[in-house]
Amino acid sequence: MRLIISEKANTAKKIAQFLSEGSIREGKHRSVPHHTFAWKGEETVSVGLKGHVLNPEYPEEYSNWQKVEPRELIDAEILKSISEKGVAQAVTSLSKKADRVVIATDFDREGELIGVEALSLVFAANPKLMDHVERARFSALTAGEVGRAFDELMEVSNDLADAGEARQDIDLIWGATLTRWVSRATKRYGSAFLSVGRVQSPTLVLIADRERERRVFVPVPYWELEVTLKNGEPFTVRHQTERFEDEARAKRSYENVADTATVVEVEQKYATRRPPTPFNTTAFLTAAANIGISPSRAARIAEDLYTDGYISYPRTDNTVYPRSLDLREVLGYLGRVEGVGQHAKRLHSQEKLSPTRGKKETTDHPPIYPTGYASKKSMRDDRWKIYQLVVRRFLATLSAPAKTLRTTLHFDSGGEPLVTGGTVVTEEGWLGVYPYNRRADEEIPNLSEGDVVQVIGKEILFKETQPPSRYGAGRLINVMEDLGLGTKATRPNIIQNLYDRGYVHDDPLVPTEKGIAVAQALTDFASEIASHEMTAELERSMDEISEGKVSKDSVVDSSRDVLRRVYDHLQSSETEFADIVWEGIRTDETIGKCPESGHDLIIRRNRKSRKRFVGCTGYPDCRVTYPLPQRGEIIPLGTQCDACGSPEIKVLGGKRPWVTCINMDCPKKQEQREAAEKAKEGGEGSSTQSAQELQKSTT
Ligand SMILES: [Zn+2]
Ligand SMILES: [Zn+2]
């Protein structure tokens with residue numbers, strides 16, 4: 001019997017459907033399904049894993065955070081324990097009956113490692129199989145792609161798996177050692193621990209650095225002159241000097257503007273907007289973030305769509321469609337997709353298809369493209385949005401360029417040059433099928449040189465230059481890619497971890513004081529893990545392992561050497577390190593000023609119940625307290641409630657973050673409670689949910 005092992009249950013099922021030459025017999029080992037069928041005349045069983053079957057971890061005796069010196073973890077043995085017992089048993093039992101194995105996990109480092117892990121179970125159960133292993137590599141769960149992969153079986157790449165394992169081990173060694181050291185140095189145990197990670201920490205530093213730039217930013221004032229003209233409908237124009245650096249000059253121009261303005265020039269410029277390039281992972285995650293779907297969520301949905309056969313493998317750097325991809329076939333099944341069918345049909349009828357090409361071309365996977373037809377009613381909302389995005393992007397890459405016309409009107413009024421302009425799309429091209437981020441046409445009045453219009457208003461606007469903006473999740477993914485931080489597979493999770501650890505909140509990402517302090521302390525005392533250079537260097541080493549140029553052990557060992565140096569330096573600066581972090585934590589815990597005594601209000605814990613509440617630092621003279629929700633990170637906002645004047649906080653965790661003042665007797669709370677009552681009967685809203693949560697968690 002031939003055994004096919006794939007990465008997930010539904011992949012195993014699909015492979016059986018694609019390869020079967022007759023009926024499929026469904027079976028189960030405990031709760032793990034497998035599918036028996038005939039393929040090339042031989043009995044074949046297809047079974048799916050649940051991702052990694054093995055999990056790297058330290059031996060039991062290292063598990064006590066307070067007793068084990070974190071430094072010991074650097075050289076401690078790493079065990080691979082079975083993380084999915086049911087799956088492991090199914091693989092073991094099926095292996096005993098098999099005489100050949102085909103590994104059909106995802107085709108990348110991670111997938112190769114998952115396959116090699118499964119093989120360790122296979123060989124333990126049936127050593128004879130060692131010489132009978134093959135590998136199927138495919139990029140889409142379609143009959144054509146899977147059939148081709150099984151006709152061209154290859155060998156398993158231990159180098160590729162080693163690269164995946166090196167990353168796993170190094171991340172465990174660095175993450176566990178430094179997370180424990182930092183948590184111990186700052187006495188943060190249990191769920192309050194402070195995490196440090198090889199990719200996570202340099203990412204946090206990026207965000208914290210940007211926040212510090214914003215804080216030291218000194219806004220520079222400037223003035224704008226805006227004039228309202230009338231030619232039928234009123235419209236506004238600006239002075240040609242976009243920013244007056246002193247107010248007096250703006251005033252002089254203001255005074256000069258007369259009762260009328262004359263058109264002195266009409267400038268028209270045509271421009272071509274090229275269609276976008278095919279989706280690689282980063283471009284895809286960025287586009288998803290722009291339509292309001294976070295990278296971690298978009299990655300998860302894409303994974304589901306891939307395993308269900310709707311889109312190709314979503315982890316790819318490739319931005320050039322391979323010649324083997326039949327674009328016309330794809331257009332064929334997109335012809336029925338709601339909303340875009342007409343575009344697909346029109347492209348299909350074109351004699352020649354010329355897709356755009358991106359800069360990077362690889363041979364492992366194609367760019368992300370739709371591999372199957374889906375209807376709107378068959379999918380939940382977010383899945384449909386992501387499917388549509390991939391479909392529309394694919395169609396856009398085959399579509400014609402868009403043409404735009406920019407018109408600029410130049411006026412003179414009392415010797416002052418005034419301008420306005422607008423862009424309209426003259427030929428839609430790809431914008432017709434890919435409307436994301438499309439700006440609305442800016443219509444401007446139809447005027448010719450020499451026309452005179454009335455001035456009906458003028459105004460000097462005071463403005464200030466703005467600090468550099470915070471990173472949105474989509475932009476952060478791009479910056480991480482540019483700096484070589486993480487991989488296309490890991491980036492979304494790393495960003496999610498920063499949220500989960502209370503280092504950041506919101507999107508664009510706002511670091512908490514704790515997050516800023518941890519970033520600062522790491523930059524000061526463990527620069528290796530704070531900077532992105534080491535991480536990028538390690539990524540290069542992983543590539544070398546996968547190419548067979550260096551061994552996994554040598555890379556892991558040299559990374560241990562670096563970590564020992566980092567550790568010793570940290571150890572000698574423990575007090576300073578802890579002081580920086582504590583200062584940040586204390587700032588996060590300062591909620592505002594006490595209305596009665598003027599002291600700081602801070603988050604305290606009841607000695608006996610360990611429940612948290614807000615207390616006054618003027619205690620025992622001042623006994624003002626407020627209750628707090630017991631779950632979720634609390635972020636002081638520095639703002640006051642407009643109804644009662646109490647400090648406002650944001651509570652993270654739960655379904656979504658919510659903002660509330662700390663005063664339980666606030667008149668607003670009464671309204672919220674009433675709204676919550678109503679919500680129980682009818683719909684649900686964000687404010688009503690907050691009130692429910694608040695009641696639940698403060699009692
Ligand atoms: Zn007080
Ligand atoms: Zn209030």
Side-chain angles (χ1 to χ4, degrees), residues 187-188 192 470 499 502 504-517 579 581-699:
K187 302 192 172 52
R188 305 283 287 183
R470 296 188 173 108
Y499 283 102
V504 301
H505 59 100
D506 258 339
D507 185 14
L509 288 82
V510 184
T512 58
E513 294 304 320
K514 178 172 82 182
I516 294 175
D579 284 348
V581 175
W582 268 108
E583 171 91 39
I585 291 172
R586 262 194 299 271
T587 312
D588 277 339
E589 292 184 344
T590 304
I591 299 296
K593 293 280 177 220
C594 172
E596 286 185 18
S597 69
H599 290 100
D600 280 342
L601 293 172
I602 59 166
I603 300 176
R604 291 188 182 282
R605 278 188 184 274
N606 181 297
R607 259 168 229 266
K608 278 191 202 128
S609 68
R610 301 300 300 153
K611 281 200 169 159
R612 63 183 176 188
F613 63 97
V614 174
C616 178
T617 46
Y619 182 86
D621 296 332
C622 176
R623 290 175 176 268
V624 166
T625 63
Y626 298 90
L628 275 180
Q630 293 304 315
R631 276 179 302 138
E633 188 95 5
I634 288 176
I635 312 282
L637 293 175
T639 53
Q640 270 96 41
C641 171
D642 54 15
C644 74
S646 311
E648 287 182 305
I649 53 170
K650 181 189 232 176
V651 186
L652 311 180
K655 276 187 201 138
R656 53 175 91 109
W658 43 288
V659 172
T660 178
C661 75
I662 57 175
N663 174 13
M664 288 304 288
D665 301 323
C666 174
K668 243 194 200 171
K669 293 242 163 48
Q670 193 50 43
E671 286 169 33
Q672 286 177 343
R673 267 181 218 120
E674 280 161 18
E677 288 302 316
K678 261 191 213 140
K680 268 182 201 159
E681 295 149 26
E684 215 188 324
S686 61
S687 65
T688 59
Q689 184 183 347
S690 335
Q692 284 170 330
E693 286 255 347
L694 186 71
Q695 280 176 317
K696 217 170 39 200
S697 41
T698 44
T699 46

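Remember, it's 1-based here, ligands and their atoms both numbered in the order they're listed.
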Considering non-hydrogen atoms only, spot the tightest contact between Pro511 and Leu509 and give its length. CD-O, 3.8 Å

Lys611 versus Gln630, closest heavy-atom pair with distance: CA-OE1, 3.4 Å

Sub-4.5 Å side-chain heavy-atom contact between [X] and [Y]:
| X | Y | result |
| --- | --- | --- |
| Ile649 | Val659 | no |
| Ile634 | Leu628 | yes |
| Pro636 | Pro647 | no |
| Arg188 | Trp582 | yes |

Count, excluding waters, the protein N, O or S atoms that are closer to the Zn ion (ligand 2) than 2.8 Å. 4

About how large, to 10 degrees, is the angle SG of Cys594, then the Zn ion (ligand 1), then OG of Ser597? 100°

Do any pairs count as a side-chain hydrogen bond (donor to acceptor under 3.5 Å, both in side chains) and have a residue in residues 635-650, sequence neighbours left out, and if so which ones? His505-Lys650, Asp506-Lys650, Thr639-Glu648, Asp642-Lys668

Would you check if the Zn ion (ligand 1) lies under 2.8 Å from any N, O or S atom of Cys622? yes

